Amino acid sequence: MEILDMTDIKKRWKERVHAALLEIAAQASPAGTAAPEIGLDAVVAEFPPKPELGDIGFPMFSYAKLLRKNPAAIAQEMEKRLAGASAEASEGSAKAVGPYLNVFFDRGATSAEILMRGEDAGWNASRPMAGRKVMIEFSCPNTNKPLHLGHLRNNILGESLSRITAAAGAEVRKVNLINDRGIHICKSMLAYQVYGGGRSPEDEGLKSDHFVGKYYVMFNTLKAEDPTAEARAQELLRRWEAGDPEVMELWKTMNKWAVDGIKTTDARQGGGFDQYYFESLTYMKGKDEVLDGLKRGIFYREEDGSVWVNLEDIGLDRKVLLRKDGTSIYITQDIGTAIYRHGDWPFEQLIYVVASEQQYHFKALFEILKRLGYEWAKNLYHLAYGLVNLPSGRMKTREGTVVDADDMIDELAALAEKEIAAKGRDASVGDVKAVAEKVALGALHYYLLQTSPTKDMLYDPEQSLSFTGNTGPYIQYMGARASSILRKYEQGEGNAAAGKISLDKLSSDADWALIRRLASFPEALELAARAKEPSVMAAYAHDVAADFSTWYRDNPVLTSPDPDLSASRVALVKSVKATLQAVCGMLCIPFLEVM
RNA sequence: GCGUUCGUAGCUCAGCUGGAUAGAGCGACGGACUUCGAAUCCGUAGGUCGCAGGUUCGAUUCCUGUCGGACGCACCA
């Protein structure tokens, strides 16, 4: 069977509508005069507010003036014109509804396509971003302390966006830039030298990144005891830059502890990277580029020897690129790193997932790369995201300190475990701890992704885990319910095995509501990928789960007396499950067969 | 002060390139389990989309101003 792609059907209808409009326009204009121009882009399609109005709609308002007709009349004429069109039956039909021209999909053809999902692992054939190479940078931790709540949002945004972009057909490369050098690193090293006594994380029974973080905090203790602490840290940095063997040895050891621990947390979230960059290896890059730009007159040198760029013409400031002593600063490194990466893997687009406090920095960075003449610089994108706040109270740690990522997940898992016990599900789920961890991650990830990245958000752990409503666990629960039905079917319950799948059995409005939702998957995916908005997929996941929940309450699957009806519904449940699995995968919400 | 960004129901959030009666969830109130898992479902109440102008046939969406919050404006990263 030929696979129907709803996105394509929509596009083809758009073209038909466009063609018909041109015909009307040509007819309406007096002989000898040019027909008014209507671009294909001027044809907009949207979803009618109620399903009975149609599946997609085209408002006719904007052509009224051009065609000197009222929108309703245009819609009428469009309907007549398109009725006879040689559109294949499977493409549906168009009907005038007031000032709108609405298209009704052919239910049978759509259903047939949807039912294939359950049987075909490669059902997602939509590839709107095919052929594109997209590099996505996220996480970028410092190696002086463990990840915190903000990193969890960063990680999940980056990971989810990567998966969505890949699902949309692009080739994706996830990269992480480890900030493993600098004064802050030296502070934890110094504190360890003073207080560590050569102990290892194992000796203290701490996760290795938490161990390093402990000494970073202890630097404050040192500062209170020793007024020269800051100076000593600076001295350590100088020795590091000089390659002092003793300092390098300590640095390597502590960095490994930090990075190993951080990687464990990344893996816990389900993420990972295709390539790691280390600031200690890249921070020298960029200087040559700046000097080259200076030679070409893109930058200028002040009397003290420092090198600057003037971005005032685009509403930014003057920025320093090289200090008067000739050393690099932050933005210089980023210039170098971007160029270096493009050499590594010639991306078409590079997306930086970085907190919105750095918006200014990235504007400047992108502009500088553009001025240096890099063609790809126009495709650099800063995915800025806001802060994660917690409701004041229990979860908020003392002022000034941040909520640790591992602690947060631990706490969520403990709550989930309690809930499983409270529901009396311990026996059914088997490995309670493993399931609780997955529920915790589903809760956390969905909650973090449902909000648009740009906004600051309030993370309420209790609410995210509440298991009722717009939450990750709700979506997981619907996945588990679907799985449960299919499991029983496999075990021979009901009479579906004796029936055969019939599209006629899935033609009710209730069926159509669910099928239409499943059919809009390619649109949701394309929008999410194009707009770089995992929240679109999150909303879609919830919609699918909610529609399924409504549907299966009134549509018994295995207990229906009609074998054909039963078999058809089993097929539909399979495609619901396949869809939920795919979408949950993109959102890093673990799919659970049982919970 | 300048710049960026956010402001939608009591609370947390959606609202796709401007379009048909602004949607979910929580909370409140009222219903539905001898029925495939009630971690569910159904219903009711609740909004002058911060405010004021403007563009448009049409504005929550675009523009200007204004109020309020967040962030940024280092030879830090």
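Please read all numbers here as calculations on a predicted model, not as lab measurements. Naming: A, B, ... by sequence-line order, numbering from 1 per chain.
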Participant: Polar-atom pairs under 3.5 Å, protein N or O versus N or O of nucleotides 66-69 of chain B: list them with distances, or write none.
Facilitator:
none

Participant: What contact category does A/V594 fall into here, base, sugar-phosphate, or nothing, at under 4.0 angstrom with non-hydrogen atoms?
Facilitator: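 The answer is base, as A/V594 lies within the cut-off (heavy atoms under 4.0 Å) of a base atom.
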Participant: Which part of the nucleic acid, if any, lies within reach of A/K488 when heavy atoms closer than 4.0 Å are counted: base, sugar-phosphate only, or nothing?
Facilitator: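 Sugar-phosphate, backbone atoms only, no base.
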Participant: Once you apply a heavy-atom cut-off of 4.0 Å, does A/T451 come out as touching a base, just sugar-phosphate, or nothing?
Facilitator: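 Contact class for A/T451: sugar-phosphate only.
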Participant: Classify the nucleic acid contact of A/E357 as base, sugar-phosphate or nothing, counting any heavy atom under 4.0 Å across all strands shown.
Facilitator: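 Counting heavy atoms under 4.0 Å across all strands, the contact made by A/E357 is with sugar-phosphate only.
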Participant: Angle between ring planes, A/F362 versus A/Y352, binned at 30° and 60°: parallel, tilted or perpendicular?
Facilitator: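 A/F362 vs A/Y352 ring planes: tilted.
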Participant: Is any side-chain N or O of A/Y474 closer than 4.0 Å to OP1 or OP2 of B/rC41?
Facilitator: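 Affirmative; the distance criterion is met.
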Participant: Please classify the nucleic acid contact of A/E279 as base, sugar-phosphate, or nothing, using heavy-atom distances under 4.0 Å.
Facilitator: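 Result for A/E279 = sugar-phosphate.
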Participant: Reading 5' to 3' and counting Watson-Crick or G-U wobble pairs with both distances under 3.5 Å, write the dot-bracket notation for RNA chain B, | for bases paired outside the strand.
Facilitator: (((((((..((((.....[...)))).(((((.......))))).....(((((..]....))))))))))))....
Participant: Classify A/A538 by what it touches in the nucleic acid, base, sugar-phosphate, or nothing, heavy-atom distance under 4.0 Å.
Facilitator: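 Here A/A538 touches no strand at all.
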Participant: Using a cut-off of less than 4.0 Å, is there contact between a side-chain N or O of A/S452 and OP1 or OP2 of B/rA14?
Facilitator: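 So the side-chain polar atoms of A/S452 do come within 4.0 Å of the phosphate oxygens OP1 or OP2 of B/rA14, strictly under.
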Participant: Without decimals, in angstroms, what is the distance between A/D460 CG and B/rC26 C1'?
Facilitator: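 Value for this atom pair: 9 Å.
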